[in-house]
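Heavy-atom basis, side chains included; hydrogens, waters and symmetry copies ignored. All of these numbers come straight from a predicted model, not from anything done at the bench. Just so you know, ligand 1 is whichever comes first in the structure, and atom 1 is the first atom listed for that ligand.
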Amino acid sequence: MLSQNQNPKLLAVMAHPDDAEILIGGTLLHLKTSGWKLGIVTMTTGDCGSATLSKEEISRVRGAEARAAASYLGAWYDCAGLPDNEVFANATNIRQVVELIRRFDPHVVITHSPIDYMVDHEETARLARSAAFASAMVLYQTGTPEPANPGRATPALYYCDPVEGNSPMGERVWPQFYIDITETIEQKRELLSFHRSQRDWLRAHHGIDQYLEQMTAWAAKYGKECGVNHAEGFRQHLGHGYPGEKILQQSLKDHVKVRAKKTKNI
Ligand SMILES: [Zn+2]
């Protein structure tokens with residue numbers, strides 16, 4: 001629950017260093033303009049995201065890129081330090097994510113779709129769901145030296161669209177609502193450009209600027225579904241014990257869209 005005179009805080013809990021920018025960057029830019037305090041945590045440093053550099057080198061490069069992108073958003077950034085392809089919702093990792101959530105103490109947590117193309121994303125969603133629930137439990141202890149205080153309350157939990165908007169079976173995972181990012185798409189492209197290692201890798205591989213063009217094409221696809229040029233889709237976790245208050249939708253009400261019509265997979 002938000003109180004007056006309080007800047008609302010949103011923490012994006014994502015798997016890899018560029019996921020927040022690709023999947024919810026346009027919405028984060030809207031939130032920044034609306035006065036939200038933003039945070040991004042990633043589960044990994046993206047240590048498998050190169051065909052030429054060592055794990056240590058690419059981790060360093062991608063960590064710097066993630067911090068630069070977060071800085072562009074005015075966002076706090078931290079990383080859980082798990083290896084790519086080995087993100088799992090086990091007790092050790094839940095404690096670590098609880099600690100990260102408690103340190104930022106958000107009103108809203110956004111994470112991946114529970115159904116997504118990659119297990120790292122799905123497990124991050126499970127981690128965020130468990131950790132958000134446990135974060136305000138006074139008796140839940142993380143075992144960290146100098147632990148953060150338990151949260152004020154369970155944060156509202158939202159899921160973004162899966163990558164490409166589809167389940168691993170190729171079916172659209174329909175969002176409950178969209179955020180129109182037509183106004184922020186150019187800035188979103190700038191934001192994503194901070195991940196130069198990934199952009200260059202794909203550009204060398206495909207011969208075109210696949211990284212930015214693919215993201216823009218996905219945003220255009222979601223935009224088409226709700227009758228605007230570019231959009232990002234979201235679902236709110238409404239299970240027992242999580243806030244049902246539509247914090248994000250109310251804060252961004254000028255940009256909220258619904259599905260234009262029943263459409264088949266595009
Ligand atoms: Zn990812």
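Cation-pi geometry between Lys9 and Phe104 is met: under 6.0 angstrom from the ring centre, within 45 degrees of the axis.
In summary, the side chains of Asp84 and Thr44 do present a donor paired with an acceptor at a separation below 3.5 Å, with no hydrogens or angles considered. Ser50 and Glu57 are not linked by any side-chain donor-acceptor pair at a separation below 3.5 angstrom, with hydrogens and angles left out of the test.
Nearest N/O/S atom of His16 with respect to the Zn ion (ligand 1) is recorded as ND1.
A salt bridge links Arg103 to Asp78: at least one charged side-chain nitrogen sits closer than 4.0 Å to a carboxylate oxygen.
Metal site remark for the Zn ion (ligand 1): Asp18 contributes no N, O or S atom at a distance under 2.8 Å.
Rounding to 10 degrees, one finds that the Zn ion (ligand 1) sits at the corner of an angle of 90° between Asp19 OD2 and His121 NE2.
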